[in-house]
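Residue numbering restarts at 1 for every chain, and letters A, B, ... go by the order of the sequence lines.
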Amino acid sequence: MPRSKKDNVEDIAGLRERMRHSASHVMAEGVCALFPDAKLAIGPSTEEGFYYDFDLPRPLTPDDLAAIESKMKDTIAKNLPFVFEEINRETAKQMFSHQPYKLELIDDIQDEKLGTYRHGSFVDLCIGPHVSSTGEIKAFKLLSIAGAYWRGDEKRPMLQRIYGTAFETQEALDEHVRRMEEAARRDHRRLGRELDLFSVHEDAGAGLIYWHPKGGRIRTIVEDFWKKEHYNAGYELVYTPHLGKASLWETSGHLGFYRELMYSPMEVDEQSYYVKPMNCPFHIMIYKTDIRSYRELPLRLAELGTVYRYERAGVLHGLLRVRGFTQDDAHIFCRPDQVEDEIIRVLELTFLMLGAFGFKEYEIYLSTRPEKYVGETSEWDRATEALRKAIEKWHLEYNVDEGGGAFYGPKIDIKIRDALGRSWQCTTVQIDFNMPERFDLTFAGEDGREHRPYMIHRALLGSLERFLGVLIEHYGGAFPTWLAPVQAVVIPIADRHQEYAQRVQDELKKDGIRVEVDARSERMNLKIREAQLQKVPYMLVVGDKEVASSAVSVRKRNGENMGAVELQAFREMIKRAAQSRSLE
RNA sequence: GCCCACAUAGCUCAGCAGGUAGAGCACGUUCUUGGUAAGAACGGGGUCACCAGUUCGAAUCUGGUUGUGGGCUCCA
């Protein structure tokens, strides 16, 4: 009977998992051969490959990786069987008496029976599964060395982790390596420099972004789009300060639970002011300027609010992890009976916004009440149900992270998948039972009495910095026409075509097209090459023929040469591409 | 913050074992006016990240600081 494709996919996933797990054992054996005193920690398979953590007498070098790989090849060539054996606790303790990390693991296992896997003379505490023999590890590669805390706890010893990956065929491994290289080519830090989008300055502070004119263009377009859609969706845009007095942050509770992420205060007229790490208290200030009636809720206050948070030096990463960033923030104040509807609307706006950038695949996570929480359980249940129903209203699959909510309320997180299949967290929608209480927010109900509003925090793109970083990688720098900082470059072939080139530019500018003329006295070939490297969507070559016929010769960045197109026809074409937000 | 590595011209990198710096690209000038991914020549440009130390002498060795990269932890 022919197997379904689905079975096949699961087979390969399972095979890879076993093969990688087995490869980690073989690697551990190789490390032990080179370092007889090596202390072994854990070595699982991962989505992309495998790793093993070791406590070693000296730091590893890339040369060590080559030596380990060569040992591994020997073991694989011997095609040793993986043999499972169940042993009792005492035997295990004896067997691993020189392996303190293994002993700790043994102590944590509840079962009296423990599993071991052996190949050749190497035994590891392990429940598998593995491939049946080392020869079944068809293609592998060790990739990198990194530090990792024992059990992920920064108070515990720092171990050395070796990352590697394995595949069922050499071709599949090569393909994986090719994808990693593609990811490196798309790295937003590299493209940010090559396309002159942004910079970061050692002399001016780590994790603080400078948007150059071209990056600024893109950001402005995204922001304008965002503002327009938020007005359409019933939000009001507000602007709030960057500083707030200590008392505000005491009321909000941030000085209590968020202090490590806040910068030191500055003294103004003998008062302490803090730079804001969040926008919510400021929006609350606006809410509190009036007595709110149930009739005017929901009140949706949105702001592209720039916040500053202290992030530890080691975590900073290009645009994706910074110390100053602009959240596409909003706070929705609503009646309890409006929550579900509001969440539905938030999700609708989310999919509209993300969809416009070409993100159509989402992973949705619903996080529920943690052990430590504020507020009433009945309120939590009600709010969590509202989140769940909103997700289901859109017929979406989702994962539940039980107990993964913030202490102040349940939340929905959405991850998007980019062109390389990597996922990124952007959207977060959180209900907050804490702030309304702390700031004593109220509204006058239909019954004339005071009620507590619900408060929803939400950021759809997350932060402009991170989102643009993701966009750069998603498009590989080749922004669709509506986002491209330069949409077209006019390339005169010789100096006598400059005047016409200028006319072409003037004509296109009437439609707001971002068009430049490459007026340098360079050869056309060079100008095409550079426009191509800058990933400009349209190159408009103009020479004698085009001047004579009021046309432009259109070359697209995908290499397609459209030949001569009448100027007015091209004007319509690019206008349509830009206005329709086509993803080309 | 922690582990490891790295820091040389605007960019990408050489510079072997300490004797005061090189290439390509970019930039400037000149020549070239060329039909779909690099025309040519000449030229300018670096207190070798910063601060100490060792040394007759440090880009090169040692320590510290700052920053960057790969991870860990944390997160928009």
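- Within 6.0 Å of atom CD in E584(A), 12 or fewer heavy atoms from other residues, nucleotides or ligands are found, so the atom counts as exposed in its surroundings.
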Any N/O pairs under 3.5 Å between the protein and nucleotides 3-11 of chain B? List them or say none.
from  : atom 1 : to      : atom 2 : distance (Å)
C3(B) : O2     : G147(A) : N      : 3.3

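- Across all strands, E311(A) comes closer than 4.0 Å to base atoms (heavy-atom distances).
- Taking only side-chain nitrogens and oxygens, Y310(A) never comes nearer than 4.0 Å to OP1 or OP2 of C75(B).
- Here A37(B) is the nucleotide among A37(B), G69(B), A76(B) with the atom lying nearest to any side-chain atom of Q532(A).
- Remark: H317(A) is in phosphate contact with G70(B), judged by side-chain N or O atoms under 4.0 Å from OP1 or OP2.
- Between R496(A) and G34(B) there is a side-chain N or O to OP1 or OP2 distance below 4.0 Å.
- Heavy atoms of R161(A) sit under 4.0 angstrom from primed sugar atoms or phosphate atoms, though from no base atom.
- A heavy-atom distance below 4.0 Å to RNA chain B is reached by these residues of residues 320-330 of chain A, ordered by number: R321(A), V322(A), F325(A).
- Picking from G35(B), C72(B), U33(B) the nucleotide with the shortest atom distance to the side chain of V315(A) gives C72(B).
- Nucleotide C61(B) forms a pair with G53(B), judged by Watson-Crick or G-U wobble geometry with both contacts under 3.5 Å.
- Counting non-hydrogen atoms under 4.0 angstrom, Y258(A) reaches nothing in the nucleic acid.
- F467(A) comes within contact range of no nucleotide atom at all, as no heavy-atom separation falls under 4.0 Å.
- In terms of phosphate contacts, R523(A) brings no side-chain nitrogen or oxygen within less than 4.0 Å of OP1 or OP2 of G35(B).
- A 3.5 Å limit on both hydrogen-bonding distances identifies G28(B) as the Watson-Crick or G-U partner of C42(B).
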**Study point:** ring pair (Phe, Tyr, Trp, His ring centres under 6.0 Å) evaluation trace for Y274(A) with H254(A)
**Key:** CA-CA 11 Å; Y274(A) 286 85; H254(A) 286 99; over 10 Å; no
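- Remark: R20(A) is positioned above the aromatic ring of F167(A), its terminal NZ or CZ atom under 6.0 angstrom from the ring centre and at most 45 degrees off the axis.
- Taking the C1' atom of each, C11(B) and U20(B) are spaced 26 Å apart, rounded to whole Å.
- Nucleic acid contact for L526(A): sugar-phosphate only, since backbone atoms but no base atoms lie under 4.0 Å from a heavy atom of the residue.
- For N561(A), the side-chain atoms get nearest to U36(B) when compared with the rest of G67(B), U36(B), A76(B).
- Using a 4.0 Å heavy-atom criterion, one finds that E546(A) contacts the bases of the nucleic acid, with or without backbone contacts as well.
- Residue contacts for K527(A): at a heavy-atom cut-off of 4.0 Å it reaches no nucleic acid atom on any strand shown.
- Within 4.0 Å of N525(A), counting heavy atoms only, lie sugar-phosphate atoms of the nucleic acid but no base atom.
- Electrostatic pairing of K141(A) and E69(A) does not count as a salt bridge here, judged by no charged N lying under 4.0 Å from a carboxylate O.
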